[in-house]
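Here is the structure we will look at.
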2 protein chains.
Amino acid sequence: MTSSFFSKHKQVILYGISMAMLLFLLKWLELRYIIINHSLEIYIGAIAFIFTGLGIWLALKLAKPKTNTVIIEKEIIVEKEILITPNTEFTFNEVEFNKLEISKRELEVLQLMSKGLSNQEIADQLFVSLNTIKTHSSNLFVKLDVKRRTQAVEKAKRLNIIM
Amino acid sequence: MTSSFFSKHKQVILYGISMAMLLFLLKWLELRYIIINHSLEIYIGAIAFIFTGLGIWLALKLAKPKTNTVIIEKEIIVEKEILITPNTEFTFNEVEFNKLEISKRELEVLQLMSKGLSNQEIADQLFVSLNTIKTHSSNLFVKLDVKRRTQAVEKAKRLNIIM
DNA sequence: GCTAAAATCATCCTAAAGTATGACGATAAC
DNA sequence: GTTATCGTCATACTTTAGGATGATTTTAGC
């Protein structure tokens with residue numbers, strides 16, 4: 001307890017002792033030489049200078065260092081394996097469907113595509129023009145990140161978006 | 001508030017107290033010995049006190065703050081999704097395969113077709129010309145009794161000829 | 001060695017698929 | 001009321017797929 005108090009306030013105690021010693025020294029010097037014959041200004045100036053220095057020293061010693069917290073964001077890429085349930089019984093993967101932002105109409109086109117229908121046949125079945133189906137299919141390829149209808153069907157089946 | 005002020009400036013307060021005690025000590029010594037001029041001692045003590053404070057203030061205000069840079073590495077886990085198709089219980093329908101009289105090479109073409117490859121890509125993979133693949137695919141369509149590659153894939157999967 | 005099926009490749013042509021872009025009305029969200 | 005999305009349709013163009021036909025070369029069986 002006593003030792004911990006000393007170690008904790010070592011600076012203060014040392015400063016106190018050193019100041020006491022300095023004052024003694026000054027007293028001694030005052031008596032012996034300076035004060036009697038010399039100007040008071042020098043003495044006071046010396047006091048001011050010394051104690052300013054002491055104050056600075058004390059402040060620097062006791063000042064708590066500021067903590068600069070730098071947060072470095074480190075990306076760790078973890079490969080997450082997604083097992084796709086074998087479609088013995090088809091369960092529509094709504095999560096993946098929504099993630100791909102495929103519209104209802106596009107899904108219809110995709111389903112008919114998977115049955116092997118041509119664009120013209122799909123157009124006839126949905127009572128729209130061939131060009132409309134071409135637009136839908138093009139959009140589908142972009143959303144599914146594929147180049148051909150065969151790939152689109154393959155991926156969509158793999159993702160359980162279609163049967 | 002008061003307690004936090006005390007804890008924050010404990011060092012300074014302790015220093016003040018210790019200095020006051022020292023001054024008392026000096027007063028006592030002064031009485032014991034030579035000192036005559038009381039006002040001068042008080043004056044010098046005040047000077048010492050004030051300039052110590054000035055030193056502390058100077059140090060705290062003007063000195064560069066000590067900075068401890070704490071680097072915290074924050075790990076962000078980025079999940080990279082890998083789609084895995086599990087091995088479904090595929091049993092090759094050899095009976096149907098033989099009935100349709102599809103050749104080995106044609107089956108290869110059919111399998112690559114089902115993966116969504118174009119005729120050119122299939123040709124490159126099998127190290128044959130595009131025309132060869134066209135011939136194979138044409139023959140396949142006749143044998144499978146379909147009109148398009150998408151239908152061929154659909155039917156072949158349905159007949160368990162391909163996965 | 002002959003034969004038949006399989007595999008290869010070609011040419012010419014048509015059909016279908018796919019790309020790019022713009023437009024327009026409806027509908028829902030802000 | 002403006003913005004955004006969706007669904008629709010169009011034009012113009014390029015690429016790919018597919019059909020018809022014929023030819024050559026391998027390969028395997030008799």
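Each chain gets a letter, A, B and so on, in the order the sequences are listed, and its residues count up from 1. These numbers come from a predicted model, not from an experiment.
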Do B/Ser118 and A/Arg148 have side chains that approach each other closer than 4.5 Å (heavy atoms only, starting at C-beta)? yes
Extract from the structure each pairing of a protein N or O with an N or O of nucleotides 24-29 of chain C at less than 3.5 Å, listing the distance.
none

Return the CG to NZ distance between A/Leu100 and A/Lys155, rounded to the nearest 0.5 Å. 7.5 Å
Are any side-chain N or O atoms of B/Asn93 and backbone N or O atoms of B/Leu159, one a donor and one an acceptor, separated by less than 3.5 Å? yes
In whole angstroms, how far is the C1' atom of C/dT8 from the CG atom of B/Asp124? 16 Å
Under the ring pair (Phe, Tyr, Trp, His ring centres under 6.0 Å) test, which residues partner A/Phe141, sequence neighbours left out? none
I need the CD-C1' distance between B/Glu106 and D/dG18, as an integer number of Å. 15 Å
Assuming nearest nucleotide by heavy-atom distance, tell me which of B/Leu126 and B/Thr150 is located more 5' along DNA chain C. B/Leu126
Sorted by chain and residue number, the side chain to side chain donor-acceptor pair (under 3.5 Å) partners of A/Gln125 (sequence neighbours excluded) come out as none
Which value, rounded to the nearest 0.5 Å, describes the distance between A/Glu101 atom CD and A/Asn139 atom CG? 12.0 Å
d(A/Met113 CE, A/Leu140 CG) to nearest 0.5 Å is 6.0 Å
Protein-nucleotide distance (B/Asn139, atom CG; C/dA7, atom P), rounded to Å: 10 Å
Using a 4.0 Å heavy-atom cut-off, write out nucleotides 24-30 of chain D from 5' to 3' as B (base contacted by protein), S (sugar-phosphate only) or - (no contact). -------
How many whole angstroms separate atom CG of B/Leu140 from atom P of C/dA6? 12 Å
Determine: side-chain N/O of A/His136 to OP1/OP2 of D/dG7, distance under 4.0 Å, yes or no. no
Report the distance from atom CG of B/Leu117 to atom OG1 of A/Thr150, rounding to the nearest 0.5 Å. 8.0 Å
Do the charged groups of B/Glu154 and B/Arg158 touch, with an N to O distance under 4.0 Å? yes
Between B/Ser103 and B/Lys143 the two heavy atoms that sit nearest each other are N-NZ, 4.2 Å
B/Leu100 CG - C/dA5 P separation (whole Å): 17 Å
Between atom CD of B/Glu94 and atom CD1 of B/Ile161, what is the distance when rounded to the nearest 0.5 Å? 11.5 Å
Tabulated below should be each protein N or O lying under 3.5 Å from an N or O of nucleotides 9-17 of chain D; please produce it.
unit_1, atom_1, unit_2, atom_2, d
D/dC9, OP2, A/Ser129, N, 2.9
D/dC9, OP2, A/Thr132, OG1, 3.0
D/dC9, N4, A/Thr135, OG1, 3.2
D/dA17, OP1, B/Asn119, N, 3.3
D/dA17, OP2, B/Asn119, N, 3.1

When rounded to whole Å, the CD to P distance for the pair B/Glu101 and C/dA6 reads 7 Å
Which value, rounded to the nearest 0.5 Å, describes the distance between B/His136 atom NE2 and B/Leu110 atom CG? 12.0 Å
Measure across A/Ile102 and A/Phe97 and return the closest heavy-atom pair with its distance rounded to 0.1 Å. O-CZ, 3.1 Å
Please determine whether a side-chain nitrogen or oxygen atom of A/Ser138 lies at a distance below 4.0 Å from atom OP1 or OP2 of C/dA20. no
Per the end-axis method with five pairs at each terminus, what is the bend angle of the helix from C/dG1-D/dC30 to C/dC30-D/dG1, to 10°? 60°
Is B/Lys115 salt-bridged to B/Glu121, going by a charged N under 4.0 Å from an acidic O? no
B/Ile102 atom CD1 is separated from C/dA5 atom P, nearest whole Å, by 17 Å
Rounded to the nearest angstrom, tell me the gap between atom CD in A/Glu121 and atom P in C/dA16. 9 Å
